[in-house]
Amino acid sequence: MTTTAYDAYVRSHWSGRAAAYDRSLAALCAHPAPSLLDAADVGAGTRVLDAGTGSGTVAGLASARGAVVVAVDAEPSMVELTRRRVPSAEEVRLAALPRLPFTSGSFDAAVANFVINHVGDPRLAVDELRRVVRPSGRIAVTIWPDPPPEAQSLWGRVFDAAGVDRPTAPTVDADRDFRRTPDGLGGLLDAAGLADVRCETITWAHRTDPEAWWSGPANGISKPGLVLVAQPPDVLARIRAVYDEVTAPYRDADGLLALPTVALLASATVPLAPPG
């Protein structure tokens, strides 16, 4: 089986939410994109697959470098948004890990920006990225670590202070999961038979308008979105008041939030010989 219950849950959760994502969390996810492309050696003439393109940030940056870009996503609204945003891409189509509609060795590189943490079988997903990249080609992926960075974990503080229960969401089956740490992510790529595996930690302060940081979950984006969209108006108003209090210390003089966050970036090379 290549599609798990977790995959079905994630796709249902993101259905039709490209615009809401683009207005909120897309800027957060965009920060590591240049480093991701550097790690995959993406430059002029590189034929690169952007797996799980989202709103097309990585695809657009790769195209600006002169790369030949093919982008895929499991969500139709993301595909349509990326088609409009990156008209220079060779192809933008509906497709999802861990089964991609490309022949083996079709690409010089493959990247997946915050995608491996959204699939039900991470190892199969990495295996598929390896399959579609030619020998000596490069693969690079990013994920959010666990425990979650401060930018994301502050939502838990908001809900606790507001006295709101958080529903239990489906998770990746334990026998398919991996530790969301540098060693865990690096080990995932190593287990797929990739060579020269490296994993680095990227830290930064995400600067965003408080309304933008609120609007994503308020429109159902990410795990906090599961909580917010389930609340009646009076409880939502209470949560918003607490949100303003909790985020106040992060506001700069210009009114924007400066939220500390962390991502993991792992990269590797497809070996010349098949794994033993």
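With hydrogens and angles disregarded, no donor-acceptor distance shorter than 3.5 Å links the side chain of Ser63 to the backbone of Gly60. Of the possible polar contacts, none joining the Asp190 side chain to the Gly186 backbone as a donor-acceptor pair under 3.5 Å is found. Put simply, the side chain of Gln231 gets close to the backbone of Val227: a donor and an acceptor are under 3.5 Å apart. Without hydrogens or angle criteria, Asp209 side chain to Glu211 main chain gives a donor-acceptor distance under 3.5 Å. Panel note: side chain Asp196, backbone Thr269; no donor-acceptor pair is recorded below 3.5 Å. Between the side chain of Asp121 and the backbone N or O of Thr4 there is no donor-acceptor pair closer than 3.5 Å. Remark: side-chain polar atoms of Glu75 are not paired, donor with acceptor, to backbone N or O of Arg17 under 3.5 angstrom.
When all heavy atoms of Ala110 and Leu129 are compared, the closest pair comes out as CB-CD2, 4.1 Å. Minimum interatomic distance between Leu25 and Ser222 (heavy atoms only, all atoms of both residues): CD1-CB, 4.0 Å. Heavy-atom minimum distance, Leu94 versus Pro76: CD1-N, 3.7 Å. Residues Gly193 and Pro271 share a closest heavy-atom pair of O-CG, 3.2 Å. A pairwise comparison of heavy atoms in Val242 and Ala161 identifies CG1-CB, 3.6 Å as the closest pair. Heavy-atom minimum distance, Pro122 versus Ile116: CB-CG2, 3.9 Å.
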Result block: side-chain N/O donor-acceptor pairs under 3.5 angstrom for residues 41-49, not counting sequence neighbours:
from: Thr46; atom 1: OG1; to: Gly43; atom 2: N; distance (Å): 3.0
from: Thr46; atom 1: OG1; to: Gly43; atom 2: O; distance (Å): 3.1
from: Arg47; atom 1: NE; to: Ser106; atom 2: O; distance (Å): 3.1
from: Arg47; atom 1: NH1; to: Glu90; atom 2: OE1; distance (Å): 2.6
from: Arg47; atom 1: NH1; to: Glu90; atom 2: OE2; distance (Å): 3.1
from: Arg47; atom 1: NH2; to: Glu90; atom 2: OE1; distance (Å): 3.0

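Cation-pi geometry between Arg23 and Tyr21 is not met: the NZ or CZ atom fails to fall both under 6.0 Å from the ring centre and inside 45° of the normal.
Using a 4.5 Å cut-off on side-chain heavy atoms (C-beta onward), Leu228 and Trp214 make contact. For the pair Pro34 and Leu61, the minimum side-chain heavy-atom distance is below 4.5 Å. You'll find the side chain of Leu272 reaches within 4.5 Å of the side chain of Ser136, heavy atoms only. The side-chain heavy atoms of Val164 and Arg166, taken from C-beta on, include no pair separated by under 4.5 Å. At least one side-chain heavy atom of Arg93 sits less than 4.5 Å from a side-chain heavy atom of Pro101. Here the side chains of Pro32 and Leu265 are not in contact, with every heavy-atom distance at 4.5 Å or above. For the pair Val86/Thr53, no side-chain contact is recorded, criterion being any heavy-atom separation below 4.5 Å from C-beta on. Considering only heavy atoms from C-beta on, Thr261 comes within 4.5 Å of Leu28 through its side chain.
Each ring pair (Phe, Tyr, Trp, His ring centres under 6.0 Å) pair with one or both residues in residues 119-146, not counting sequence neighbours, appears once here: Phe114-Trp144.
Atom OG1 of residue Thr171 and atom CZ of residue Arg176 lie 12.0 Å apart, to the nearest 0.5 angstrom. For the atom pair OG of Ser267 and CG of Leu185, the computed distance is 9.5 Å after rounding to the nearest 0.5 Å. Atoms CG and OG1, on Leu264 and Thr142 in that order, are 9.0 Å from each other to the nearest 0.5 Å. Atom OG of Ser24 sits about 7.5 Å away from atom CG of Asn219, to the nearest 0.5 Å. We find the CG-CG distance between Leu259 and Leu154 to be 6.0 Å, quoted to the nearest 0.5 Å. A distance of 10.5 Å separates CD1 of Ile143 from NE2 of His118, quoted to the nearest 0.5 Å.
Under the 4.5 Å side-chain heavy-atom criterion for grouping Ile, Leu, Val, Met, Phe, Trp and Tyr, Val92 is not connected to Leu100 through any hydrophobic cluster. When the side chains of ILVMFWY residues are joined at heavy-atom separations under 4.5 Å, either directly or via intervening members, Trp213 and Val229 end up in two distinct hydrophobic clusters. By the criterion of side-chain heavy atoms lying less than 4.5 angstrom apart, applied directly or through intervening Ile, Leu, Val, Met, Phe, Trp or Tyr residues, Val132 is not grouped with Val68; the two fall into different hydrophobic clusters. Both Val126 and Val197 are members of a single hydrophobic cluster when ILVMFWY side chains are connected at heavy-atom separations under 4.5 Å. Linking Ile, Leu, Val, Met, Phe, Trp and Tyr residues whenever their side-chain heavy atoms come within less than 4.5 Å leaves Val58 and Leu81 in two separate clusters.
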Checklist entry - Is there a side-chain contact (heavy atoms from CB on, under 4.5 Å) between Phe178 and Arg123 once you walk through the steps? => result CA-CA 9 Å; Phe178 68 101; Arg123 169 62 191 277; over 6 Å; no
Item to check | Stepwise side-chain contact (heavy atoms from CB on, under 4.5 Å) test for Val115 and Val141 | outcome: CA-CA 8 Å; Val115 175; Val141 303; over 6 Å; no
Next on the checklist: side-chain contact (heavy atoms from CB on, under 4.5 Å) for Asp73 and Thr82? Distances and angles first, verdict last.
Outcome noted: CA-CA 9 Å; Asp73 202 276; Thr82 299; over 6 Å; no
Item to check | Evaluation steps, salt bridge (Lys or Arg N to Asp or Glu O under 4.0 Å), between Arg238 and Asp234 | outcome: CA-CA 6 Å; Arg238 184 170 79 241; Asp234 61 324; 5.5 Å; no
Item to check | Chi angles and distances behind the side-chain contact (heavy atoms from CB on, under 4.5 Å) call for Leu256, Tyr250 | outcome: CA-CA 8 Å; Leu256 297 180; Tyr250 298 94; over 6 Å; no
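For Asp165, the CG atom sits in a loose shell: 12 or fewer heavy atoms of surrounding residues, nucleotides or ligands are nearer than 6.0 Å.
Comment: Arg138 does not engage Asp38 in a salt bridge, judged by the lack of any side-chain N to carboxylate O separation of less than 4.0 angstrom. A salt bridge does not link Glu245 to Arg251: none of the charged nitrogens lies less than 4.0 Å from a carboxylate oxygen. For the pair Arg131 and Asp127, the salt-bridge criterion is not met [side-chain N within less than 4.0 Å of a carboxylate O].
Ring geometry for Phe107 against Phe102 counts as perpendicular: the plane angle is over 60°, on a 0 to 90° scale with 30° as the lower cut.
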